[in-house]
A.B. asks: 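One structure, as structure tokens, below. Some questions next.
A, B, ... follow the sequence lines: proteins, then strands. Residue 1 opens every chain.
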2 protein chains.
Amino acid sequence: MISLVASRDGGTTLTEGKVAAGFSGKRTAELVGITYRQLDYWARTDLIRPSLADAQGSGSRRSYSYQDLLELKVVKTLLDAGIRLEMVRDVFSYLRENLGADVASANLVINGSSPLLVSGEEIIDLIHKGQGVLNVLPLAGVKEELDNAIIDLFPSAEDRIQATG
Amino acid sequence: MISLVASRDGGTTLTEGKVAAGFSGKRTAELVGITYRQLDYWARTDLIRPSLADAQGSGSRRSYSYQDLLELKVVKTLLDAGIRLEMVRDVFSYLRENLGADVASANLVINGSSPLLVSGEEIIDLIHKGQGVLNVLPLAGVKEELDNAIIDLFPSAEDRIQATG
DNA sequence: CTGTGGCATCACACCGACGTAGTTTCACCA
DNA sequence: TGGTGAAACTACGTCGGTGTGATGCCACAG
């Protein structure tokens with residue numbers, strides 16, 4: 001399990017120790033590498049909503065958690081791999097129902113519309129018994145890319161990213 | 001390498017030994033499990049064209065080879081797995097340029113837009129070094145399903161399907 | 001307490017990948 | 001050697017997933 005203690009949106013200045021409110025919509029899009037329009041569309045259509053503060057009409061602000069960013073990055077990675085958004089929706093709704101929110105390490109394996117979280121060893125079995133298409137995504141790489149993007153934008157926030165699992 | 005010696009479209013009757021002209025559009029769609037509209041669209045947009053006889057205007061007939069059916073079934077399987085047609089196009093154009101037409105056994109592995117044909121053992125390496133999404137499709141299963149569909153429609157054609165590799 | 005920058009929202013357009021319906025034209029059978 | 005059924009073609013509609021402004025509105029700075 002991995003968590004970011006503090007982010008750098010809102011807050012009067014770049015004061016150390018300030019626990020910010022999360023990531024704004026625009027910043028989230030930047031960090032994840034998607035357009036604001038995509039982020040907006042995905043929120044409206046219930047793919048991924050900001051867990052810290054949802055929109056409440058014009059002028060309000062969405063606020064995304066670090067966990068949200070991770071999930072968004074997973075979506076983006078799957079899209080880049082040529083997977084349809086519809087399938088991504090199925091995957092996430094399934095994961096949310098059948099697993100905790102700790103979609104963190106391990107590998108995401110998609111077979112049809114029933115995804116799994118498995119270790120590297122277990123994947124081999126799946127391939128040998130493999131019927132149909134197997135989509136394999138190592139989540140560690142996703143986290144790494146995201147953290148690099150964050151550090152790239154906020155160099156001093158480096159120490160705030162802590163590995164707990 | 002796997003080849004079907006004779007099919008069962010055209011030809012006066014079900015005469016044994018008759019080497020037919022291939023599979024008609026409608027039959028091809030049935031056997032592969034797609035709609036005629038999809039088959040038509042894919043032909044028009046240069047995804048997969050009938051290699052035995054292309055269309056020559058209204059009233060003409062397309063004629064698909066067994067190899068065509070295999071490729072069409074691969075496309076269908078990838079689509080069912082939630083992969084966008086655009087990615088499928090990239091995969092096939094790459095395979096046609098960098099490999100022979102013997103897209104037969106082995107496993108199809110897609111990493112970005114540069115697919116590979118590898119054995120079961122080699123896949124393990126790819127996963128360990130895995131960056132990004134890996135799409136794995138065992139082609140043996142695809143052929144099996146196609147052959148079953150053909151035998152299902154033409155029971156007496158069973159002996160005409162020969163494995164040569 | 002108020003002005004305004006920034007964010008959500010809206011309206012419109014667009015493109016790929018088809019579905020549906022109607023039309024044209026050939027291939028094959030009688 | 002025709003007729004005709006079936007296959008290719010055309011036209012039009014649709015839906016998801018965006019891009020592109022324009023507009024409305026609130027949160028926060030001052």
Side-chain angles (χ1 to χ4, degrees), chain A residues 9-15 18 20-50 52-64 72 75-76 78-90 92, chain B residues 8-15 18 20-50 52-64 72 75-76 78-90 92-93:
Chain A
D9 267 37
T12 51
T13 26
L14 304 184
T15 320
K18 174 85 180 176
F23 301 90
S24 73
K26 197 161 202 174
R27 257 206 207 311
T28 297
E30 284 176 27
L31 288 171
V32 174
I34 60 180
T35 66
Y36 177 81
R37 197 63 183 76
Q38 286 179 299
L39 189 71
D40 181 50
Y41 182 70
W42 299 353
R44 289 175 185 284
T45 55
D46 286 332
L47 176 53
I48 292 183
R49 291 212 170 162
L52 297 186
D54 207 345
Q56 314 256 349
S58 282
S60 66
R61 278 114 201 258
R62 287 194 256 254
S63 186
Y64 290 86
L72 287 166
V75 173
K76 152 98 170 139
L78 291 175
L79 284 188
D80 287 347
I83 296 177
R84 285 179 310 205
L85 196 63
E86 186 185 346
M87 172 61 61
V88 178
R89 289 188 200 279
D90 292 348
F92 272 80
Chain B
R8 186 66 68 55
D9 267 35
T12 51
T13 26
L14 305 183
T15 318
K18 174 86 179 175
F23 300 90
S24 73
K26 196 161 203 174
R27 252 201 212 317
T28 297
E30 285 177 26
L31 288 170
V32 174
I34 60 180
T35 67
Y36 176 82
R37 198 64 183 75
Q38 285 179 298
L39 188 71
D40 181 50
Y41 182 70
W42 298 353
R44 288 175 186 284
T45 55
D46 285 333
L47 176 54
I48 292 183
R49 291 211 169 166
L52 297 185
D54 207 345
Q56 313 255 351
S58 285
S60 67
R61 313 262 161 108
R62 288 195 256 254
S63 187
Y64 289 86
L72 287 166
V75 173
K76 152 93 170 147
L78 291 175
L79 285 188
D80 287 346
I83 296 178
R84 285 178 311 204
L85 196 63
E86 186 184 348
M87 173 61 61
V88 178
R89 289 188 199 278
D90 292 349
F92 272 80
S93 69

A.B. asks: Measure CD/A/Gln56 against P/D/dC26 and give the value in whole Å, please.
C.D. replies: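 For the pair A/Gln56 CD and D/dC26 P, the rounded distance is 11 Å.
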A.B. asks: Rounded to the nearest Å, what distance is computed from the NZ atom of residue B/Lys26 to the C1' atom of nucleotide C/dA27?
C.D. replies: 16 Å
A.B. asks: Take atom CZ of B/Arg61 and atom P of C/dC28, then tell me their distance rounded to the nearest Å.
C.D. replies: 6 Å
A.B. asks: Measure from CZ on A/Arg62 to P on D/dC26 and round the result to the nearest Å.
C.D. replies: 16 Å
A.B. asks: side-chain hydrogen bond (donor to acceptor under 3.5 Å, both in side chains) with B/Thr45: which residues, sequence neighbours excluded?
C.D. replies: B/Arg89
A.B. asks: Work out which heavy atom in A/Asp80 is nearest to a heavy atom in B/Met87; give both atom names and the distance.
C.D. replies: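 Shortest heavy-atom contact: O-CE, 4.2 Å.
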A.B. asks: Under 4.0 Å between a side-chain N/O of A/Arg27 and OP1 or OP2 of C/dC7, yes or no?
C.D. replies: no
A.B. asks: When the distance from CE of A/Met87 to P of C/dA17 is rounded to whole Å, what number comes out?
C.D. replies: 17 Å
A.B. asks: To the nearest angstrom, how far is A/Phe23 atom CZ from C/dC7 atom P?
C.D. replies: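 Roughly 15 Å, once rounded to whole Å.
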A.B. asks: Mind checking what makes side-chain contact (heavy atoms from CB on, under 4.5 Å) contact with B/Ser58, not counting sequence neighbours?
C.D. replies: none
A.B. asks: When you compare the side chain of B/Trp42 with that of B/Leu72, does any pair of heavy atoms fall below 4.5 Å?
C.D. replies: yes
A.B. asks: Considering non-hydrogen atoms only, spot the tightest contact between A/Arg84 and B/Leu79 and give its length.
C.D. replies: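 That would be NH2-O, 3.0 Å.
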A.B. asks: For nucleotides 23-25 of chain C, print each protein N/O atom paired with a nucleotide N/O atom at under 3.5 Å, atom names and distance only.
C.D. replies:
unit_1: C/dT24; atom_1: O2; unit_2: B/Ser58; atom_2: OG; d: 3.4
unit_1: C/dT25; atom_1: O3'; unit_2: B/Ser58; atom_2: O; d: 3.4

A.B. asks: How many Å lie between CG on A/Asp40 and P on C/dG6, as a whole number?
C.D. replies: 18 Å
A.B. asks: If we only count heavy atoms from C-beta on, is the A/Leu85 to A/Val75 side-chain gap below 4.5 Å?
C.D. replies: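 Side chain of A/Leu85 against side chain of A/Val75, heavy atoms only: contact under 4.5 Å found.
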A.B. asks: If you look only at pairs with a residue in residues 36-50 of chain A, which of them pass as a salt bridge (charged side-chain N to carboxylate O under 4.0 Å, His left out), with sequence neighbours excluded?
C.D. replies: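 Applying salt bridge (charged side-chain N to carboxylate O under 4.0 Å, His left out) to every pair that reaches into residues 36-50 of chain A, excluding sequence neighbours, yields A/Arg37-A/Asp40, A/Asp40-A/Arg44, A/Asp40-A/Arg62, A/Asp46-A/Arg49, A/Arg49-A/Asp54.
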A.B. asks: Rounded to the nearest 0.5 Å, what's the gap from OG1 on B/Thr35 to OH on B/Tyr41? Could you check?
C.D. replies: 12.0 Å
A.B. asks: Figure out the NZ/P separation between B/Lys76 and C/dA17, and round it to whole Å.
C.D. replies: 16 Å
A.B. asks: What pairs with A/Glu30 under side-chain contact (heavy atoms from CB on, under 4.5 Å), at least two apart in sequence or on another chain?
C.D. replies: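 Per chain and number, A/Glu30 pairs via side-chain contact (heavy atoms from CB on, under 4.5 Å) with A/Lys26, A/Arg27, A/Leu153.
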A.B. asks: Within the sub-3.5 Å range, which N or O atoms of nucleotides 14-18 of chain D have a protein N or O partner, and how far apart are they?
C.D. replies:
unit_1: D/dG17; atom_1: OP1; unit_2: A/Glu86; atom_2: N; d: 3.4
unit_1: D/dG17; atom_1: OP2; unit_2: A/Tyr41; atom_2: OH; d: 3.2
unit_1: D/dG17; atom_1: OP2; unit_2: A/Arg89; atom_2: NH2; d: 3.2
unit_1: D/dT18; atom_1: OP1; unit_2: A/Gln38; atom_2: NE2; d: 3.0
unit_1: D/dT18; atom_1: OP2; unit_2: A/Trp42; atom_2: NE1; d: 3.2

